[in-house]
Amino acid sequence: MTEQAKKTWDNILGYLKERINPQSFATWFGSSRGVELKDDVLLVEFPNGFFIDWIEEHYYSILEEAVNQANGEKLRLAFKAIKQQGDRPVRKKKRIILSHASTKLQERYTFETFVVGKSNEFAHAAALAVSEAPGQAYNPLFLYGGVGLGKTHLMQAVGNFAHRQHKALNVYYTQAENIMTELIEAIQKNQQMAFKKKYRTKDLLLIDDIQFLFGKERLQEEVFHTFNYLYTQGKQIVISSDRPPRDIPTLEERLTSRFQGGLVVDLQPPDLETRIAILQKKAEMENIRLPSNVAYYVASRVKSNIRDLEGCLIRLLAMSSLSGEAVTEQLTETVLKDLLNHGGKVTKEMILRNVVDEFGFTEAELKGRRRTQKLALARQTAMFLIRSLLSLSLTEIGDFFGGKDHTTVMHAIGKVENLKKVDFEYGQKLQGIITRINSA
Ligand code: ADP
Ligand code: MG
């Protein structure tokens, strides 16, 4: 069967090779091997666990695409690390990479691997309650927060837990964007009934990134009918979004009027201790001892987003294992410089992150509609910086901040121009942010 495994993997590699740049392909896939094909699971070996993390983080969609294209939906991938790190095996267990066909859940997103801190303890508790008693605790559960703060992880943890506890439960995870594609296809092929049936037979429906439905009336309508149906049947719904329901007026009305038993919880950026704990947890999962000064070094520099935090660690450990260099502060400095630098390119996301770091709100809040004095100032500052550092149009900036009017942006810029002249402390703060952005 090994011959077949090799051929299947080579086939997938062929697909990838044409779609990712040669250097990345050689680095991350060059040393991989298809070793076993059994029960529709293809086992692939990599030099160590960091390759697997990296690939999962960066090449998941394209792998999914490659597999579907080469072998249809039935095939699943499992990755395994072969190399020893020191005298300890990096990863003994094989890991299923592609999601389960029936639930679309990824195995790695569990409660066991989710680190709880002040920033997410409420969301975590609510998610746990829902997974233990789907349809009976909070329904729907609405999770919101900025990019990379754990919404998808937590949501899938609910699914994985419930699926494990109650095998008969029909659990299904999907991105709102996928529903959109499916619905459009259903309409084109005149298969709306099949679409309805698919979603109305779920016991636990997890819909990620629902902000993709905003402004798409027909789709919203369909999705809310589905919610309503499931809800009246006592089925559990979990929704995630980058902003709270109150910033989605059409949704807010429906949620409050139809789903009285629901709960809305947010995920905030983690504090320093939690960031360190996340790094340590991750290292522990890989059987690596992460020096505490290095953990501190990384955690104190990568603040706003857990995805970036993880990205730094994975890259650091991968580089260390490739070069054989020990994980020291010095190596970390080199790697972080490379990574935080974004190739020297200032982007609006990066500006937003820096403002968030300085003012202590979330990216979602800055893009939202709430207007306390401090929040408004942070938002105005971000608008000003994006305008002056990137020269985007007022409309583009308005869009980036959740569809605000260009006059709002204009007002914000005027406000900051004035304030920095009269308020010394604020001027210093602004200068600090600019320096940090430019020297990142
Ligand atoms: P979001 O969906 O909010 O953009 P994700 O759930 O994709 O964010 O999280 C980004 C990455 O950070 C994932 O790899 C996830 O496993 C990890 N992560 C997020 N929160 C935590 C946490 N509390 N503990 C451990 N890992 C986390
Ligand atoms: Mg997500």
Non-neighbouring partners of [X] that pass side-chain contact (heavy atoms from CB on, under 4.5 Å), sequence neighbours left out:
X      : value
Pro134 : Ala162, His166, Leu169, Gln236
Lys7   : none
Glu132 : Leu128, Phe161
Ala127 : Phe111, Leu141, Leu154, Val158

With no hydrogens and no angle check, is any side-chain donor or acceptor of [X] less than 3.5 Å from a backbone partner on [Y]?
X      : Y      : value
Lys420 : Gln431 : no
Thr181 : Glu177 : yes
Asp209 : Ser240 : no

Please determine if Asp203 and Lys235 form a salt bridge, counting it only when a charged side-chain N lies under 4.0 Å from a carboxylate O.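 Yes, this pair counts.
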
Ion pair present between Glu365 and Arg243, side-chain N to carboxylate O less than 4.0 angstrom?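 Salt bridge: no.
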
Could you tell me which residues satisfy side chain to side chain donor-acceptor pair (under 3.5 Å) with [X], sequence neighbours excluded, listed by chain and number?
X      : result
Asp266 : Gln268
Asn293 : Glu329
Gln136 : none
Tyr173 : Gln175, Asp208

### Task
Can you run down the side chain to side chain donor-acceptor pair (under 3.5 Å) pairs that involve residues 117-130, sequence neighbours left out, and say none if there aren't any?
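Listed by first then second residue: nothing to list.
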
ask   = Taking the six-membered ring for Trp, are the ring centroids of Phe29 and Phe51 within less than 6.0 Å of each other?
value =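 Centroid separation for Phe29 and Phe51: 6.0 Å or greater.
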
Exercise. Using a 4.5 Å cut-off on heavy atoms from C-beta on, say whether the side chain of Arg370 contacts that of Arg246.
Key: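 Yes, side chains in contact.
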
Checking side chain to side chain donor-acceptor pair (under 3.5 Å) between Glu358 and each of Arg353, Lys429, Arg436, which is the one that passes?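 Single pass found, and it is Arg436.
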
- All pairs passing ring-ring contact (aromatic ring centres under 6.0 Å, His included) where residues 408-429 contributes a residue, at least two apart: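 For residues 408-429, and leaving out neighbouring residues, there are no ring-ring contact (aromatic ring centres under 6.0 Å, His included) pairs at all.
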
Exercise. State whether Tyr172 and Lys104 meet the cation-pi test: NZ (Lys) or CZ (Arg) under 6.0 Å from the six-membered ring centroid, and within 45° of the perpendicular axis.
Key: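 No cation-pi geometry.
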
Test the Lys348-Phe400 pair against the cation-pi criterion, namely NZ or CZ under 6.0 angstrom from the six-membered ring centroid and within 45° of the ring axis.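 Yes.
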
Qualifying residues under salt bridge (Lys or Arg N to Asp or Glu O under 4.0 Å), relative to Arg164, sequence neighbours excluded: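 With neighbours one apart ignored, the set is Glu112.
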
#### Entry: With sequence neighbours excluded, residues passing salt bridge (Lys or Arg N to Asp or Glu O under 4.0 Å) with Asp10
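Only Lys6 meet the salt bridge (Lys or Arg N to Asp or Glu O under 4.0 Å) criterion with Asp10.
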
Walk me through whether His153 and Thr113 qualify under side-chain hydrogen bond (donor to acceptor under 3.5 Å, both in side chains).
CA-CA 9 Å; His153 188 141; Thr113 56; 3.2 Å; yes

